[in-house]
Structure formats: structure tokens, C-alpha cells
Amino acid sequence: MSAVSRFAPSPTGFLHIGGARTALFSYLVAKRLGGKFLLRIEDTDRERSTQEAVDAIFEGMAWLGLKSDFAPVYQTQRFDRYREVIAQMLAAGTAYHCYCTREELDAMRAEQQARKEKPRYDGRWRPEAGKTLPPIPDGVPPVVRFRNPVEGDVILDDLIKGPITFANHELDDLIIARADGVPTYNFCVVVDDWDMGITHVIRGDDHVNNTPRQINILKALGAALPQYAHVSMILGADGAKLSKRHGALGVMEYRTMGFMPEALLNYLVRLGWSHGDQELFTRDEMIALFDLSKVSSSAARFDMEKAYWVNHQYLKVTDPAVIEPEFDWHLRRLGVDPANGPALQDVILAQRERCRTLAEMAEKSLFLYADLQGYNEKDAAKHLTDEGQRLLAELRAELQLVADWSTPALHKAVNRFAEVRGLGLGKVAQPIRVAVVGMAVSPPIDQTLALLGRERTLARLDAAVAWARPRAQA
RNA sequence: GCUCCUAUCGUCUAGAGGCCUAGGACGGGGCCCUCUCAAGGCCUAAACCCGGGUUCGAAUCCCGGUAGGAGCGCCA
């Protein structure tokens with residue numbers, strides 16, 4: 001039987017970082033085994049599910065490149081199938097009607113909690129040999145409950161956490177269909193996983209306690225059990241649980257911050273999983289090496305600094321052609337036209353060493369695509385001095401003579417200029433930088449000028465001289 | 001309260017009883033290189049939650065604490 005894994009989010013919000021990691025792990029497991037990966041939308045909660053959330057999840061998955069091998073499955077489109085299985089279970093006696101009202105159930109829970117017991121259904125409508133059930137009340141639509149075994153244990157042999165034993169007597173008879181006939185989560189999951197031939201259920205470890213019930217339902221149905229792997233959650237940098245209220249960000253926000261999707265994936269895969277001392281993995285390496293048994297079962301914190309580092313490693317070595325579309329996206333986001341300046345790949349090559357994110361790269365490259373918005377005050381005060389201004393004026397005259405506006409030619413010109421005057425390169429490069437970039441930070445000065453182009457460079461030198469001269473005289 | 005899970009540098013982790021004087025990476029500190037910012041190179045500080053066992057030997061196995069977390073819905 002070939003491997004099939006799934007990612008099954010409920011569409012109540014964007015795809016967050018924890019979900020992305022779970023999706024990635026599922027994806028890797030399937031691919032590693034040469035199997036299929038699929039996406040299932042768990043939207044049986046009509047109240048909270050939204051189309052916007054569904055779209056946001058698709059968008060996030062697409063950006064990350066986690067492609068589903070089949071069309072996505074929506075649970076709300078499978079109600080007929082769920083009803084069919086429920087009818088079978090009712091007929092087989094593995095499920096039964098319960099006429100308790102919500103009020104009765106609330107009272108039951110309250111009493112149990114008062115007695116410091118674990119709140120659970122007491123089985124008053126559960127049919128037993130020789131037991132007389134209460135009279136069926138009028139006007140109470142029944143729910144359907146699963147008849148959970150009372151004896152024995154359920155052993156969940158978790159691929160990450162190892163064997164976990166649950167006593168059946170700890171489990172109560174959960175509701176599998178509401179009074180209005182809509183099936184509940186724990187039931188839908190089971191039927192779906194069964195129908196879709198899911199061999200690997202990989203999900204957040206908040207589902208561990210649901211698993212024994214799901215296993216019991218699967219057994220009652222005579223279905224084969226999938227293998228389970230429960231992934232621990234991701235905590236915020238402060239060790240607190242991530243929530244919308246507290247630092248939980250959608251995957252697309254990481255795009256805005258300037259992450260490459262592959263880099264985010266690489267950071268995420270190392271959060272909990274390791275392969276010796278290796279930190280960087282291509283997607284193919286992840287697929288070849290990923291192993292659930294090497295995934296840590298304890299929660300991990302999200303460390304932005306390390307994520308940035310990983311991203312930087314990617315920016316430094318990835319083919320500029322691959323980076324280009326993302327870089328383009330960031331430049332446009334800052335309101336500039338990427339056509340109004342040097343070729344993007346050349347800029348990437350010049351900037352990648354000094355930028356941890358694409359957002360940073362775009363910002364630092366703005367001067368190549370748009371007019372300067374004034375000079376950095378401190379840098380101008382330091383470098384656009386009387387002396388600096390004179391230097392710039394002289395240099396401008398010499399640069400005008402440079403016929404071949406290339407990095408090597410400019411390198412020669414600027415170096416000779418400094419040499420002739422007996423100045424260190426820094427004495428010359430810094431004023432130029434401030435003049436053409438607006439501040440004292442940029443790629444090497446020859447590259448910077450080459451990228452900027454002859455016309456813009458000369459114009460900016462003129463502008464800087466004009467800006468500095470009256471101040472020097474004053 | 002009950003059930004289940006977890007516990008190595010600040011962070012992510014290596015570690016499957018002797019290879020551990022506990023390794024790597026991020027981040028921190030220092031030095032070198034240098035036209036700026038980076039990048040790079042070298043060096044450095046920094047951890048086995050506590051207590052009992054088992055064993056010739058325990059970060060590793062067992063038990064008990066402690067501390068975190070998850071679940072206990074006609075939510076998913």
C-alpha cells in the first residue's frame with residue numbers, strides 16, 4: 001500500500017507557522033515514501049469556517065510550494081457519506097441515540113467537577129444487555145454517540161512520541177452526530193482518513209487525546225489503522241503559546257518580512273527535527289533525509305534571529321533568477337518600478353551578502369530605482385563637508401571621462417583618483433556614497449556606481465556638490 | 001481535579017550506558033581582514049531540572065518530585 005498523508009486545517013484563519021510546519025512534515029513523509037500528499041479542509045463548523053480562510057490557506061501552501069497531489073477535499077461535501085456510515089453503525093450497535101439535553105449534560109459535568117472527577121458522559125442512554133433505557137422524551141432530537149469499549153487499553157504507537165497507552169474506561173461515549181444530524185470532527189476525521197486511504201496522520205499534539213477514540217471508531221468500522229505522528233507545538237520567542245493575540249503570524253507575513261519560501265521551510269524543518277549537525281537542506285535533501293523518529297517531542301520556540309540567518313544563507317547561494325520574482329514583488333511593494341533601474345539580478349548579486357531579508361534588500365536598493373529623499377543627516381554632516389564637496393566636484397569631472405561605465409573601469413578611476421591625491425580609498429568612497437546613495441552604506445563603491453549608471457551618478461554628484469557648497473561657505 | 005505529553009548552553013539541537021573534559025548552529029563577546037555595511041577567518045563565555053535507584057560505569061535506563069504544556073464540548 002502506498003503512503004498517503006494529509007494536511008487537514010480547519011479554515012478559521014490564515015495558515016500560521018505551526019500549521020505550515022505540520023504541513024511540511026506531512027508533505028515530506030509522503031514524498032519520502034514516494035507517496036501522495038493531500039489537503040483536506042475541515043469545515044464542518046459552519047459558524048467559524050470562512051471562504052477567506054480557505055483562500056488564505058491555499059495561498060500560503062502555494063507560496064511555500066507544498067503542492068497537494070489531489071484536488072482538496074471539503075468535509076462539508078461529504079455529509080452523505082458520513083450519514084451512511086452513521087446509519088451502519090447504528091444498525092451494527094456500535095453507535096446509539098442519546099436524548100440528553102444540553103442542560104442535562106451541563107449539570108452532569110458540573111456535578112462531576114464538583115466531585116473532582118474528569119467530566120464525561122455517564123452512559124445513561126447506552127444500551128446494555130439487561131438494562132432498561134429511560135423513556136424517550138418528547139421533542140428532544142437525539143444525538144448519536146459512539147459506543148466506546150469499556151474494557152482494555154488502546155495503545156497508540158506514535159511515530160514521534162513512542163507508545164502511549166490509554167485505558168478505555170477513561171474514554172466516554174463521544175457524540176458523532178449532532179441533534180441536527182451534522183457529524184462531528186472526531187467522526188469525520190476517521191471516515192475521511194479511512195476513505196482516502198491515509199496511511200500517515202501527522203498533526204499537532206493537541207490531538208493526542210483524541211486519537212484513542214478515533215482508533216476505537218476505526219476498529220468498530222473494521223478499518224485499517226493509519227500510523228500516527230503528533231508534532232509538538234511552536235512557541236513564541238518568549239516561550240508563550242502562539243495565538244492571534246500573541247505573535248502568531250500568517251505564513252504570508254513572512255513573505256512580507258522578506259523570507260524566501262524555501263528558507264522558511266528550511267528553518268521550520270529544523271525546528272524539532274535534526275540530521276546530525278546539518279543546518280541547511282535543499283528540498284530534495286529534506287525529502288531524502290526527513291525522518292519522523294528523529295523529530296523532537298517537546299515544544300520549540302520560534303527564533304527570529306536564526307530564521308533570518310537561514311534566509312540569509314539562501315539569499316547568498318540561490319540562483320538570482322529564482323530570487324528575482326520575489327525581489328520584484330518587494331520592490332513594487334515599496335512603490336517603485338523595477339524597470340526604472342538596473343537589472344534585478346545584478347542588484348541581487350551586489351546586495352545579497354549584506355541583506356538578511358528581501359525586504360531589507362529592496363529598501364537598500366531603493367536608491368537605484370527612485371530619486372533620493374534627502375541625505376542621512378549624520379552621514380551628510382560627516383562626509384558632505386567642505387573638503388568632501390571639493391573632492392566630489394573634482395571626481396565628477398574625472399568620472400565624466402570614463403567611457404566604459406563598468407565596475408572594473410570605475411574601480412580603476414576611483415582608485416586612481418584617491419591615489420593621485422594621496423588619500424585612502426575610504427576618504428573618497430564615503431563622500432561618494434552619501435552623494436549617490438543618500439547614506440554611508442552600500443555595496444562596494446565601484447559596483448554601486450556601475451549599478452546606478454552614468455547619468456544618475458553624475459547628476460547626484462552635482463546635486464551633492466550643490467547641496468554642500470553653500471553650507472561650507474556659511 | 002482527572003488523563004496524556006514534555007524537560008541538554010539565552011534559542012534550535014547532537015547524544016540510542018563507556019567515544020562527553022557534553023558536540024554543532026543561531027545569538028553574544030573578542031581579534032583579524034576591510035572604501036562603508038556586510039561577508040569571511042580565528043578565538044571565547046554559555047547547558048545535562050531536582051532527588052533516589054539499576055549498573056563496574058548514566059545526559060542516556062527505572063521510580064519519585066518539581067516545573068511547563070495539552071486534552072477533558074452537540075469546536076476543530
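Reminder, nothing fancy here: chain letters follow the sequence lines and each chain counts from 1.
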Evaluate the side-chain proximity of A/Phe166 to A/Asp153: yes if any heavy-atom separation is below 4.5 Å, no if none is.
no

Could you check whether A/Glu117 gets within reach of a base, just the sugar-phosphate, or nothing at all, counting any heavy atom under 4.0 Å?
base

Within the 4.0 Å heavy-atom criterion, would you say A/Lys116 contacts the bases, only the backbone, or no part of the nucleic acid?
sugar-phosphate

For B/G73, does OP1 or OP2 lie under 4.0 Å from any side-chain N or O of A/Arg109?
yes

Out of B/U3, B/A76, B/U11, whichever nucleotide has its closest atom nearest the side chain of A/Phe166
B/U3

Identify whether any heavy atom of A/Arg120 sits under 4.0 Å from a base atom; if not, whether one sits that close to sugar-phosphate; answer base, sugar-phosphate or nothing.
nothing

Touch class at under 4.0 angstrom, heavy-atom based, for A/Ile445 against every strand present
base

Decide whether A/Asp45 and A/Tyr185 meet the rule of one side-chain donor and one side-chain acceptor closer than 3.5 Å.
no

Between A/Lys316 and B/G40, is there a contact of a side-chain N or O with OP1 or OP2 at under 4.0 Å?
yes

Quick one: is A/Lys118 getting a side-chain N or O under 4.0 Å of the B/C4 phosphate, OP1 or OP2?
no

Does A/Lys294 have a side-chain nitrogen or oxygen under 4.0 Å from the phosphate oxygens OP1 or OP2 of B/G15?
yes

For the side chain of A/Arg301, counting heavy atoms from C-beta on, which of B/A38, B/U11, B/A25 is nearest?
B/U11

What does A/Ser274 touch in the nucleic acid at a heavy-atom separation under 4.0 angstrom: a base, only the sugar-phosphate, or nothing?
sugar-phosphate

Indicate, with a heavy-atom threshold strictly under 4.0 Å, whether A/Lys427 touches base, sugar-phosphate, or nothing.
nothing

Just to be sure I understand the rule, does A/Gly204 reach a base, reach only the sugar-phosphate, or reach nothing, if contact means heavy atoms closer than 4.0 Å?
nothing

Could you check whether A/His207 gets within reach of a base, just the sugar-phosphate, or nothing at all, counting any heavy atom under 4.0 Å?
base

Cation-pi, A/Tyr121 ring and A/Arg145 (6.0 angstrom, 45 degrees)
yes

Once you apply a heavy-atom cut-off of 4.0 Å, does A/Cys98 come out as touching a base, just sugar-phosphate, or nothing?
nothing

OP1 or OP2 of B/U6 less than 4.0 angstrom from a side-chain nitrogen or oxygen of A/Ser296, does that happen here?
no

Name the nucleic acid region contacted by A/Ala300, choosing base, sugar-phosphate or nothing; use a 4.0 angstrom heavy-atom cut-off, strictly under.
sugar-phosphate

Tell me whether the guanidinium CZ or amine NZ of A/Arg421 lies under 6.0 angstrom from the six-membered ring centre of A/Phe417 and within 45° of its axis.
yes

